[in-house]
Amino acid sequence: MKAEPYYICGPTASGKSALALEMAEKLDGEIVNADAFQLYRGLEIVSAAPSADELSCWPHHLYGVLEPTESADAQRYVNLAKPLIAEIQSRGKTPVITGGSGLYLKFLTHGAAPLPTADAALRAEMDARPLEDLVAELQQLDPVEASRTALQNRRFVSRALEICLLSGQKASDLRDGWEKQTAEISSQLRGLVIQRSRPDLHARIAIRTRAMLDGGALEEVAALSNVSTNYEKAIGFREIRALLAGEIDRATCENLINTATRQYAKRQETWFRREKWLVPKVVQDFSPL
RNA sequence: GGGUAGAUGCCCGAGUGGCUAAAGGGGGCAGACUGUAAAUCUGCUAGCGAAAGCUUACGUUGGUUCGAAUCCAUCUCUACCCA
């Protein structure tokens, strides 16, 4: 009898890692990362991954498993996580999956639509074209998909067009089948989402940012010069780069990181609010990280 | 003590007589989002109201005018310059 996975979600700095550890001990489980950036090696501090001590005191998986030069995506994450989860279950343990990357979690829990994988060359080509151009082509190839896509959003338009061009089919047709089964899947999942008041969460973010900057984040970023563009998307990376280059001072850097982190936390809350299967776990203390 | 510049909404900042509850940006709030997601994008953001609308707003007080964030005077404060 295999143990169903347990999911621990919540915005950044809400205390997922600590709770995951607690749950893993209680459920006789092993922790599996579901954070897009903690997947990478060399970004441990900036991505607020569990420390080496924490990683070694209990089984943790999928932390620091990708090279900086690799590029992750939701499907790739699932390809890594699925077999691992099965393996944990085969040993009679409960997978405790924790992380804040909503899309990655969604792929893991609800599966992926049968769509073609991203194509770097095609994307580079599309990036060079004006948005109106891409919109026009999408509208021509797949008017249905175009009508459902936020046409101001270059990323979304590009992906929809990419699907059409790579598959030779309509993105709208390929996506339709997948969406129907989601409700049924949700009813069988179990997990929780940590909820904290904004002031509490903001205070925790501020404490964590300071600890990062004091705790080697600058050295970490300095060591990562000239790696893949994935890193540039990590909150903190660009800001610390600017600090190292002398473009901004330390206080400004800290403020920028705090603001970006708060905004990210908000987006995560919006995402998880839609995942009705997650049981809210309201936490009120101002406990340190 | 003298001179100059300036004071605009939560913040920055545009605006030099009516089209101004006031451009734009930031922040905040809410939302979208199935292969870049810590990304990307959208809406709202003085108060009350469902709305029409009403009320309070551009440092202070007063004035000019049919009408003032915009013109005049006064005072207060800030910055810089000369003593």
Side-chain angles (χ1 to χ4, degrees), chain A residues 9-14 16 33-40 43-49 66 70-81 99-120 122-124 126-127 131 134-135 145 148-163 166-167 171-172 174-182 185 198-199 201-202 205 208-209 212 217 228-240 252 255-275:
Chain A
C9 308
T12 187
S14 61
K16 293 186 295 295
N33 171 237
D35 182 292
F37 284 76
Q38 291 176 6
L39 243 30
Y40 287 105
L43 200 65
E44 288 81 8
I45 299 170
V46 170
S47 70
L66 294 182
E70 297 178 277
S71 71
D73 64 57
Q75 183 58 54
R76 180 155 189 205
Y77 167 70
V78 172
N79 292 157
L80 290 170
S101 298
L103 183 68
Y104 283 25
L105 282 159
K106 187 76 174 180
F107 265 65
L108 185 59
T109 54
H110 292 74
L115 304 176
T117 304
D119 181 281
L122 178 56
R123 284 190 178 181
M126 288 192 295
D127 284 347
L131 177 60
L134 303 176
V135 169
E145 187 67 10
R148 311 170 172 164
T149 303
L151 298 177
Q152 311 92 320
N153 193 331
R154 190 178 188 99
R155 287 268 169 91
F156 289 5
V157 172
S158 295
R159 166 96 270 240
L161 186 55
E162 179 181 60
I163 293 167
L166 256 30
S167 69
S172 52
L174 295 173
R175 272 176 176 159
D176 273 347
W178 171 80
E179 284 170 356
K180 290 175 182 135
Q181 41 181 329
T182 58
I185 292 173
R198 286 282 159 82
L201 191 62
H202 291 181
I205 287 171
R208 193 182 69 183
T209 300
M212 264 180 205
S228 89
T229 54
N230 283 301
Y231 279 67
E232 290 173 12
K233 285 182 252 145
I235 291 171
F237 184 83
R238 207 174 290 147
E239 293 84 351
I240 291 173
T252 304
N255 284 337
L256 289 173
I257 292 174
N258 279 147
T259 300
T261 307
R262 280 188 242 115
Q263 293 172 336
Y264 169 49
K266 240 186 73 50
R267 274 179 266 132
Q268 289 176 298
E269 287 179 342
T270 300
W271 183 289
F272 291 127
R273 230 171 258 161
R274 289 207 306 174
E275 299 297 321

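In what follows, chains carry the letters A, B, and so on, assigned in the order in which the sequence lines appear, proteins first and then strands, with residues in each chain numbered from 1. What you see is a predicted model, and the numbers here were worked out from it, not measured in a lab.
- If you check every strand for non-hydrogen atoms under 4.0 Å, Tyr104(A) touches sugar and phosphate atoms only.
- On a pure distance criterion of 3.5 Å, a polar donor-acceptor pair joins the side chain of Asp35(A) and the base of rA38(B).
- The side chain of Lys266(A) has rC29(B) as its nearest neighbour among rC41(B), rA38(B), rC29(B).
- When rounded to the nearest whole Å, the span between CG of Asn255(A) and P of rG26(B) equals 17 Å.
- Rounded to the nearest Å, the gap between the C1' atom of rG35(B) and that of rG31(B) is 23 Å.
- Listed nucleotides rA30(B), rG27(B), rC41(B) differ in distance to Arg198(A); the shortest reach to its side chain belongs to rA30(B).
- Distance noted for atom C1' between rG9(B) and rA46(B): 7 Å (whole Å).
- Across all strands shown, rC75(B) forms a Watson-Crick or G-U wobble pair, both distances under 3.5 Å, with rG59(B).
- Listed pair Thr270(A) / rG31(B) meets the phosphate criterion, a side-chain N or O lying under 4.0 Å from OP1 or OP2.
- Across the protein-nucleic acid pair, Leu131(A) atom CG and rU40(B) atom P stand 15 Å apart, rounded to whole Å.
- For rU74(B) and rA7(B), the C1' atoms lie 16 Å apart once the distance is rounded to whole Å.
- Side-chain nitrogen and oxygen atoms of Arg154(A) include none within less than 4.0 Å of the OP1 or OP2 phosphate oxygen of rC41(B).
- Pairing for rG24(B) goes to rC12(B), judged as Watson-Crick or G-U wobble with the two contacts each under 3.5 Å.
- Within the 4.5 Å cutoff, the side chain of Glu145(A) has no heavy atoms near those of the Ile163(A) side chain.
- When the C1' atom is compared between rC10(B) and rA79(B), the two are found 23 Å apart, to the nearest whole Å.
- The distance between atom OH of Tyr264(A) and atom P of rG28(B), rounded to the nearest whole Å, is 16 Å.
- As judged by a 4.0 angstrom heavy-atom cut-off over every strand, Ala118(A) is placed among residues touching the sugar-phosphate backbone only.
- Nearest nucleotide to the Phe37(A) side chain, out of rG35(B), rC41(B), rA38(B): rA38(B).
- Val46(A) comes within 4.0 angstrom of a base, heavy atoms only.
- Note on Gly236(A): nothing from the nucleic acid sits closer than 4.0 angstrom, heavy atoms only.
- Spacing between rU56(B) and rC41(B) at atom C1', rounded to whole Å, works out to 36 Å.
- Nucleotides rA21(B) and rA14(B) are separated by 16 Å at their C1' atoms, to the nearest Å.
- In this structure, the nucleotide among rA38(B), rU36(B), rU40(B) sitting nearest to the side chain of Asn153(A) is rU40(B).
- Across the strands present, rG49(B) finds no partner; the criterion is a Watson-Crick or G-U wobble pair with both atom distances under 3.5 angstrom.
- Rounded to whole Å, the C1' atom of rA37(B) lies 40 Å from the corresponding atom of rC48(B).
- Of the candidates rU36(B), rU42(B), rA38(B), the closest approach to any side-chain atom of Arg267(A) belongs to rA38(B).
- Counting to the nearest Å, the C1' atom of rU40(B) and the CG atom of Leu161(A) are 16 Å from each other.
- If you take atom P in rA22(B) and the same atom in rU36(B), they sit 40 Å apart, rounded to whole Å.
- If you find the closest nucleotide of RNA chain B to Arg273(A) and to Leu115(A), the one lying nearer the 5' end belongs to Arg273(A).
- Using a 4.0 Å heavy-atom cutoff across all strands shown, Gln263(A) reaches sugar-phosphate atoms only and no base atom.
- Of all non-hydrogen atoms in Arg154(A) and Asp127(A), the two that sit nearest each other are NH2-O, 3.3 Å.
- Checked for salt-bridge contact, Asp73(A) and Arg123(A) miss the test: no charged N lies under 4.0 Å from a carboxylate O.
- Among the heavy atoms of the strands lying under 4.0 Å from Ala72(A) are primed sugar atoms or P, OP1, OP2 only; no base atom is included.
- Within the shown strands, nothing qualifies as a pairing partner of rA38(B) under the Watson-Crick or G-U definition with both distances less than 3.5 Å.
- Side chains of Asp35(A) and Ser101(A): no donor on one and acceptor on the other come within 3.5 Å.
- Here Arg262(A) lies in heavy-atom contact (under 4.0 Å) with sugar-phosphate atoms only.
- Within the 4.0 angstrom heavy-atom criterion, base atoms lie near Ala112(A).
- Nucleotide rC66(B) is matched to rG18(B) when pairs are restricted to Watson-Crick or G-U wobble geometry with both distances under 3.5 angstrom.
- Nearest to the side chain of Phe156(A), among rG35(B), rU42(B), rA37(B), sits rA37(B).
- Look at CD on Gln268(A): it is 17 Å from C1' on rC29(B), rounded to the nearest Å.
- The nearest heavy atom of RNA chain B to Phe107(A) and to Gly100(A) marks one nucleotide each, and the one closer to the 5' end goes with Phe107(A).
- In this entry the base of rG35(B) is syn relative to its sugar, with a glycosidic angle within 90° of 0.
- Trp271(A) has its CH2 atom 13 Å from the C1' atom of rA38(B), to the nearest Å.
- By the 6.0 Å contact criterion, CZ on Arg238(A) is open, its count of non-hydrogen atoms from other residues, nucleotides or ligands being 12 or less.
- Nearest heavy-atom pair across Leu122(A) and Asp119(A) is N-OD1, 2.7 Å.
- Here the closest non-hydrogen pair linking Tyr40(A) and Glu70(A) is OH-O, 3.2 Å.
- If you check rG35(B), rC41(B), rA38(B) against the side chain of Leu103(A), the one that comes closest is rG35(B).
- The separation between Glu232(A) atom CD and rA37(B) atom P is 13 Å, rounded to whole Å.
- Residues Arg208(A) and Thr12(A) have side chains that bring a donor and an acceptor to within less than 3.5 angstrom of each other.
- Between Arg238(A) atom CZ and rU40(B) atom C1' there is a gap of 12 Å when expressed in whole angstrom units.
- The pair Glu269(A)-Arg198(A) meets the salt-bridge criterion, since a charged nitrogen lies less than 4.0 angstrom from a carboxylate oxygen.
- Closest to the side chain of Thr259(A), out of rG27(B), rG35(B), rU42(B), is rG27(B).
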